[in-house]
Structures are given as structure tokens and as C-alpha cells.
Amino acid sequence: MIYFLRHETKHEYGHKVDVAAHLLHLTPLQLPWQRVLQMHLHVEPEPSRLVTEVDCFGNATTWLFLDAPHAQFQAVLEARVEVAPRVPPAPAATQAWEDIAATVRAGGPAGHRAAEFTFASPMVAPFAAVHDYVRPSFAAGMPVFTAIHALTLRIKREFAFRTDVTEVGTPLAKVLAQRAGVCQDFSHLMIAGLRSMGLPARYASGYIRTRPPPGGKPLCGADQSHAWVSCWLGAEHGWIDFDPTNALVVSDEHVVLAYGRDFADVSPVSGVILGGGTQKIQSGVDLTEISP
Amino acid sequence: MNDSAVPAGLLDHYSKGAFFCEMQDGVRQDPRIATILERLTRMEPDELRRRADIAEAELYNLGITFTVYSEKDAIDRVMPFDLIPRVIAPGEWDLIERGVRQRVAALNAFIWDIYHEQRILADGIVPRPLVLGNVNYRPEMIGLNVPHRTYVHVCGIDLVRDETGGFLVLEDNARTPSGVSYVIENRHMMLRMFPDLIDGIAVRSVGNYGMQLHKALAEIAPPDISDPQVVLLSPGIYNSAYFEHIFLAREMGVPLVEGRDLVVERGCVWMRTTAGLAPVHAIYRRLNDDFLDPAVFRPESTLGVAGLIDVWRRGRVALANAVGTGVADDKAIYAYMPRIIRYYLAEEPILCNVQTHICGEPEGLAYTLDHLHELVVKPVGESGGYGLIIGPHATDAERADFREKLLADPENYISQPMVKLSVSPTLANGRLSPRHVDLRPFAITGKSTWVLPGGLTRVALREGSLVVNSSQGGGSKDTWVLE
């Protein structure tokens, strides 16, 4: 599947901004199942300095420094990305979830890199209520894939997708209590729950196709940045992605920008501005299939 | 110590009890300590008290103060200064100096590994949660290379002495240890107040700390700069150690700046001066990691400089201490320091740890709960003596309360047996009384490590108290290392 991707972010400021530094996570990853065929990142105004590098999680980042006063800032990503379907492991072939937790807990080389994702991170700390919520999905000895898949379906079933009830900083306890939120909330909640079980879980930032395949159901979170959860299912199967917003095991409907511990690690556009007054942020995403 | 060596007078009712006395027992390590003791006991109590009053007034006038954050109305306080010096024999100092060097080398090797290969985690020597789950672990540091592999440029290692006279490490301070200004000011004070006490005794100088610190900062500055501009970055006047920031900037002869004085442009750090922007090559920062760069860490920080970390990453400016060192001076990591020293240096630790039980481990928790009445239990994330309990001195109710806190969050605590901290004669109620002391030597590392011959001796001024932290009513003494 080849997609055309366009992601536009525009900041309009009440007053001119004198100096700004922005950190972008706006370069899709090159992965075994995802190839970036062509890509262009357009930034306005022209930055006085632009630095690209790879962060500690392996994501491509772009640092922009703007020294001249400006009333608006715009970043547009356009790319052609080829995504191959990912075949999930047979559920029964995966280890019991307790074994995965024990592997990362034990120390030693197995699960060494995954272990980092079992700990609290800036926006996702496990707490008692979320542990109580996910616990019923994890029967003793259940294959880890089965358990996580069941949890993914439960979140879809029991939470309402509503864009007007949460913001970036809404505490997870509130999301859990009101049983509503957006993809970022569901992902953070699921990550917190998995970590409370001792399982490594990371945050995936990216996009989901705007229009469903012919005959398919419409997808949630399609005209904005999307988020889902990547889970480590042991050394043999590695990281498998689950989308709790759409009750999907991720195959070829998603394009990945970056993986991190939570949103704070991989926010598409973040930064610091000096001046500016009030600001208005607009963004829009289009992910269109251009050839199967 | 037999009675004939100590003349009557100030020491009349002095009884060191079951503890090691820095003076009376120190005499065995160097006879010059007996000379100092003798000179002291010959002084009139009134004369001593008069000099103590002058010293206190002078400290206040000089502005040598610190801030106690929990007391809203008392912004600045003088750290009480005790006139009676703490004296260390050359042989003892040699051991401390070698031990501190070893410890600093191990800390730097550990931090390098944590932010590169993480071998020590893969080999299972240190449990992952202590590092990866640590609030001071900074993944932003992974893969970043710092000059000479030095992360901890300024290190303060807290030592205590047990009843046998052996030194033990109580704590490592690898972030922004403070207190060195007292060491130097205390010496100035002593030389003015007690020229008669030090006369003819060769005490090692503490005067060149500023020079050594400047030298280390120049060593880590970008190598193509021949005369690097060093600055001291302070969070400002509300910081508890602001006096020290002014003091060290003056000792080094460098500008004292705040975040708003610096700006990142064209890939370099610049300082705003009346003559326009001037380049900055090395920053001794006394600002916590979190606040350094709002673009990378806390976005709401107004104390830092946006883009600073990016410039540092590219080697165009040096930062001391490096970011992310907090992962190594955690009280839980402390328990593993002997193993860390063996792992990286293949040496036995020269300075031992106090025996430590990790409450996050089942055996450690069980032991702590069973022996609460004889242990000191400390939260791992706090410093400054906040939130700890001293089992033998606590009431039953306090212990019961603490037991619940401990059970609710065992991973947050470690416990240690009560160390019978050494005592040193201290002026109290007009005569010399034994008071407990510790010692914080300071080590500066650029290409190599230099240890200040002296260090901060803190003294618990309340009778019987073991808490020497200045925020908990501790004072300080001048520390004399004999040549």
C-alpha cells in the first residue's frame, strides 16, 4: 500500500514572536514494513538554523531555530510512504504474559532494550485504579497477545471517542473515570495499564488512513495526528502495535512517525517561543491511498 | 589519651562517651593535634565566647547565608559556625583523598555506561528499575559524548567516622553539591579570629579551589578555543545557595549570569553584555537539570536557556556538571556503589559504605520492619535530611506511622544501622562539649581529579543529635588537614 501523506501545522500569534526554538518529530520512520519513498518538510518562516538528528529512541528529529520576528509559524510535511501489511503472531504462539513481565524484570540481556518501557514516564505513571481496570483482561497463564488484544477491544467498547472532554494534559485518572477521550488518552491509559502489569509498552505517534478501504468502516482520529500502543511480546515476536481507538491490531492502515515512552517524547511539534501573546493553532492531516 | 596531656579548664567536663573523638583520639594519629588541643584549653571561656560572637556577626555582615525553604518568614539564615576546628592527620587524609578519587572515577564510568551501552544493567549488577525508573534518569543523554568522559565535574562525598575511627561513605552528591564556600570562608574567619591557634602548624591551604574549578572548566571547553569564557549560571537570588554562586564566580573571576542573560544563536551560546553579545564556552551551572533548557526539559522553566542542550550536544559549549548525573547519586544506587566500583575499576573500595538495606527488595524490607527501632530509614529521592526517621530516637507512635508509610511505598526507602558518628569538641554553653560531625570533601574533575584538602565539616549543634544538615539546624567548622 502506498500512501500520500500531508500534515500541516500552523501557529498564529497575537504579537510577533522574537525568538523561537521548535523540536519536530515529523519524519516518518524507516521500518521493515514501512518505507519512505519521498519526503519534504516545508517550514515557514525560513529557520536561521535547522538541525536533524536521531533521538535516543531512534526517531528522526528536526530542531528549528527562528531568530527573526514572525507573526506565524507553519510546518508542512508531505511524503509518499509505502506500508506492507504486518502479520500478527498466532496468539497461542506467544508466551504467557507473566513470562514476559518476568523476562524484563529479571535483568540480563533478554528484553534489555524493552525494559525501559515498563517504567513510569513523564506523562504515564501506573496507578492503582488503572491496574484494577486492566487486571481482568489478564487471566493467569494467558498468552500475552490474547490478553493485550482483549484489553484493546475492551477500551474501544467501554470508552467513548469524544474530542471535547480532554486536553493534552488531562490526568489519566479523569479519563478513566469519565470513560471518554481521544486516541492519545486511550493510548496513555493502555500504556499505564500494561506497565502496571509489568509489561513494556510504548507510545506510537503517526497517522491512520483518512478514508476507510472500500466497504470498510470509517476510522476514528483520521483527520488529525493519531496515536496507538506498541507492545513488546518477547524476543521472538518483538514489538506489535495495537490501536485501542479502533480496536485494531495494526497492519497497513497506519503510518508511524515516532515511538517513545509517551506523547511528551514524540510530540510532532513542540517548542519554546519568546513573545507571541495568545496563539491559535491549526492542524490538518490527510493520508490517502494512491496505489494498493 | 591519658589525663596528664590535657590541662584542666575548658575540657573539664568533656566526655566523648562511646564515640570516636576527632581531637582526643586524633592525637594518636598526629601529635600536633595535642598541641592544638592544649592551646585551646588554655583559653579563657569568656574570650572564646567573645570571639564566637564576633565571628557570627561577621558572617551575617558578609552575607554568608543560606535559605531554609520550609520556613516562609526566614529568608536568610547564617549557618552557625563553630570556632573549634576539626583536625585531620596527613595519613587519614591520604586515605580519604584516594577513596574520593576512586569513587569519582567509578561514578563517571557508571554514568557513561548508563548513557551508552548499559552493560551494567545487561550484566545484572544493578537492577534496571533503579536506573530506568529513576526520576533523574535522562534518556536525552543517551549516546551523548562529554569531554574526557567526565560527567561529575564537581562532586561532594559525605563521609562519617564510626566508633572505631574508620571513615564510611554516607552519600554521594553528583549533581550540584554546595557548601564549598563555607570551607573557604571558614578558613578566612579562623585565620583572623585565631592566629594564635594555628601559629606554627602547617595546615594545607583551601585557597585555590576557584583556580582549580576554572582550570577544570577550561579543560572541558571546546578544544579549539584557546582562552575559553567561563560563566557561572545561577537560578537567582531565591536559591538557597545564592551566596555560594556569587562567591564562586568571584573566586574564579568569571561573570555570574542567569538564564535571561544567555541566548543561543548561530549554534553557540552568547552572553548579553553592554557591548553586545559575547561568546560563552563553559558553564558552571548551579541549576537543576529540569530547568536548564525549556525546549528539552520543563517547558515552563524561565530560568534556563532554550537551545542550550543542542549546543552542548554539538560540543560548542561545556556544561558542568553534565545533565543526568542524578541517576548516580540516588540513595538506592548508593547501596550498589561497592559493586559498581568493583565492576568498572576492578578494585576493592577504599572507602566503605555504611551497611544498607534496600526496602524495595523483600529481604531488605523484612529486615527493616523487624529492626525499625535500631535503624535510620531514609526516602531515596529526598536530600537535606527531609522525611527520614531515626528509629532509636523515635517514639512508638512515630515508628508506627512510619511503618505505614514504608509499607505503602517500600521502593522509596533504604535503611541503615545507626552509625555512631564521631564527635568533635564544640563550643556550647561556655565550654567544650562533644558534638557529632561529618565531612564533605569536594573533588573537581576535568581531565583528572583534584581533591580539595579540607572539606566541609558539619556539626549537629544540639546535644546528642545526629542530623548535621544545615536545613535541620546543623553548623559548620573549619577543617584543618595537616601537611
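Chain letters run A, B, ... following the sequence lines, proteins first, then strands; residues in each count from 1.
Within residues 110-119 of chain B, the residues that have a heavy atom under 4.5 Å from a heavy atom of chain A are B/H116, B/E117, B/Q118, listed by number.
Heavy atoms closer than 4.5 Å to chain A are found in the side chain of B/R314, but not in its backbone. If you measure heavy-atom distances from B/P127 to chain A, you find no contacts under 4.5 Å at all. With a 4.5 Å cut-off on non-hydrogen atoms, A/A120 does not touch chain B at all. For A/R113, the part sitting under 4.5 Å from any heavy atom of chain B is the side chain, from C-beta outward, and nothing else. Residue contact with chain B, scored on non-hydrogen atoms closer than 4.5 Å, involves the side chain of A/F57 exclusively.
Across A/D67 and B/E265, no two heavy atoms sit closer than the pair OD2-CG, 3.7 Å. Scanning both residues, B/P139 and A/C56, for their nearest heavy atoms gives O-SG, 3.1 Å.
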- Message: Would A/W63 and B/V296 count as a side chain to side chain contact (heavy atoms under 4.5 Å, CB included) here? Give the steps.
- Response: CA-CA 11 Å; A/W63 273 104; B/V296 179; 3.8 Å; yes
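Taking CG of B/N134 as the reference point, atom CZ of A/F119 lies at 10.0 Å (rounded to 0.5 Å). From B/L132, atom CG reaches atom NE2 of A/H112 across 7.5 Å, with rounding to the nearest 0.5 Å.
Side chains of B/V264 and A/R49 form no contact here, defined as non-hydrogen atoms less than 4.5 Å apart.
Annotation: maximal heavy-atom pairing with chain B below 4.5 Å, among A/L274, A/L23, A/V51, A/V19, occurs at A/V51. When the candidates B/G267, B/A306, B/G307 are compared by the number of heavy-atom contacts under 4.5 Å with chain A, B/G267 comes out ahead.
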